[in-house]
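Read through the structure below, which is laid out as structure tokens, and then see the notes.
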Amino acid sequence: MKFELQETAPLSKARAGKIETAHGLIDTPIFMPVGTIGSVKGIHFQDVKEDIKAQIILGNTYHLYLRPGTEIIESAGGLHKFIGWDKPILTDSGGFQVFSLGDIRKLSEEGARFQSHIDGSRHLFTPENVIDVQRSIGADIIMAFDECTPGDADYDYARKSLEMTQRWLGRCVSRFNETQPKYGYSQSFFPIVQGCVYSDLRIKAAEHVTTFDSDGYAIGGLSVGEKEEDMYKMIEVVNSVLPENKPRYLMGVGTPVNILEGIDRGIDMFDCVMPTRNGRNGMLFTRNGIINIKNNKWRDDFSPLDPDGTSFVDHQYSKAYLRHLFQAKEMLGPQIGSIHNLAFYLWLVGEARQQILSGTFKSWKEKMVKQIGKRL
RNA sequence: GGGGAGAUACCAAAGCGGCCAACUGGGGCAGACUGUAAAUCUGCUGGCGUACGCCUUCGUAGGUUCGAAUCCUGCUCUCCCCA
């Protein structure tokens, strides 16, 4: 994998770049739709690619390991072939599930013991076998196995948690280096910076990951309950340490405003369930603000869903019709909501990239932040 | 014509002397959602008030009772069975 830094915006840390993977190029900054279980929920891959213009999607080690299982994915010839997506894929390691599964898991130095949320069966994830599973899945970018420290963790917990994540990282790297890709193309490995909201821990964590000279670096453990200002501060702190010539991935973030603020602070890659989950639940992000399409006020608004939108759904369907679909619980409603939101997210990062390249990012961003957070 | 059952809030449906402004569904209104255990979850849904509360409600008109959606009587309407 290669990363080319093309431009940095004036008065900002925002960067435009290009990532070259075995499955194609990725323009950065980029947003990656989440396709946890091998599907961007509710959306045909054709639309993900051609309408939404996604350049890379996510999969999840935890979910794919439990179902369909690595055997099936290997038999299919890897995840790309299994799901019919020929562009890049990034897999998350399962670290976040270890965090979000709460009381059906137990952490130890060895790894994470957990029960399947599907059938209750017991499993063990270790830094080593998580790398193995990701080799089997065959994602272009695979993630370290970490502990996603909760946003409200105290210093002592955060420090110990970080130290374990660091030891796990060493084991991940070893396993990564001693194994080979299974499908004839190379895979990249990204370590994850933890450290909760504590600057000194974040700096240590960032310095630690850079000792491994990876193809890129991720910032995890943000937007997990901490204050938004803390998140922005941690991004600044970490990015002041991470090397300029490698992509930086802010995991799990966020709202459209979060993404612009992240770009402004030098983040290149984002993923989040928000556009799909909220879209399924009737919340639409637009460049003019946020629409809750279920609200009564839209019942007789026959104007296009989003006159400024880039997706076909924005022009093909009216607000009143989409509201009707949600009222009637028609599955077309969540599908349209998801497509719209993802298309908006991809437009947002694509436009940010153009603004960076033309040197106008900062003023554009300030204007956008005011608009896109409004409630319509 | 005879016999029986019933009328509860937007709808359906519990309640059958005080703990009832009234269970529960649905519908409606609003909110939440950030590396997806989520096409999910939460709240509100007689009126006024932030709240303690106050006011008006259980077909309708009376009555019994300290107290009635709940008991009694008349009336109106609905449904079922037999002729």
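Note that the coordinates shown come from a computational prediction; the quantities given were computed from them, not determined experimentally. Residue numbering restarts at 1 for every chain, and letters A, B, ... go by the order of the sequence lines.
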inquiry  = At less than 4.0 Å, is any side-chain N or O atom of A:T36 found next to OP1 or OP2 of B:rU36? Yes or no.
reply    = yes

message = Any carboxylate oxygen within less than 4.0 angstrom of a Lys/Arg side-chain nitrogen, looking at A:R248 and A:E244?
response = yes

ask   = Would you say the ring centroid of A:Y317 lies under 6.0 angstrom from that of A:H324?
value = no

request  = Record whether the side chain of A:T276 comes under 3.5 Å of the base of B:rU36 through a donor-acceptor pair of N or O atoms.
outcome  = yes

inquiry  = Any base atoms under 4.0 Å from A:I192, or only sugar-phosphate, or nothing? Heavy atoms, all strands.
reply    = base

key: Gap between atoms CG and P, on A:D268 and B:rG35 respectively (whole Å)   = 19 Å

Rounded C1' spacing from B:rG25 to B:rU78 in Å = 24 Å

ask   = Looking at A:K246 and A:D215, does any basic side-chain N land under 4.0 Å from a carboxylate oxygen?
value = no

ask   = Considering heavy-atom distances to RNA chain B, does A:I37 or A:D146 have its closest nucleotide positioned more toward the 5' end?
value = A:D146

inquiry  = Say we look at B:rA30 and B:rC80: how far apart would their P atoms be, to the nearest angstrom?
reply    = 40 Å

inquiry  = Please encode protein proximity along nucleotides 26-32 of chain B as a string of B, S and -, counting only heavy-atom distances under 4.0 Å.
reply    = -SSSSSB

message = Counting only heavy atoms from other residues, nucleotides and ligands, does the tally under 6.0 Å from NZ of A:K233 exceed 12?
response = no

inquiry  = On the six-membered ring of A:Y232, is A:R265 placed so that its NZ or CZ lies under 6.0 angstrom from the centre and within 45° of the ring axis?
reply    = yes

request  = May I ask you to evaluate whether A:Q97 reaches the phosphate of B:rG35, defined as a side-chain N or O under 4.0 Å from OP1 or OP2?
outcome  = no

ask   = A:H117 has a side chain; which of B:rA39, B:rG35, B:rA37 sits nearest to it?
value = B:rA37

inquiry  = Can you see if the side chain of A:R280 gets near the phosphate of B:rA38 - specifically, an N or O under 4.0 Å from OP1 or OP2?
reply    = no

inquiry  = With a cut-off of less than 4.0 Å, is there a side-chain N or O of A:N60 near OP1 or OP2 of B:rU36?
reply    = yes

query = Looking for any heavy atom pair under 4.0 Å, which part of the strands does A:S338 touch: base, sugar-phosphate only, or nothing?
reply = nothing

inquiry  = Applying a 4.0 Å non-hydrogen cut-off, can you work out what A:Q194 is touching in the nucleic acid: base, sugar-phosphate, or nothing?
reply    = base

Residues, nucleotides or ligands: over 12 heavy atoms within 6.0 Å of A:E109 CD = yes

Crowding at NZ, A:K13 (>12 non-hydrogen neighbours, <6.0 Å) = no

ask   = Under 4.0 angstrom, heavy atoms only, what part of the nucleic acid is A:G333 near: base, sugar-phosphate, or nothing?
value = nothing

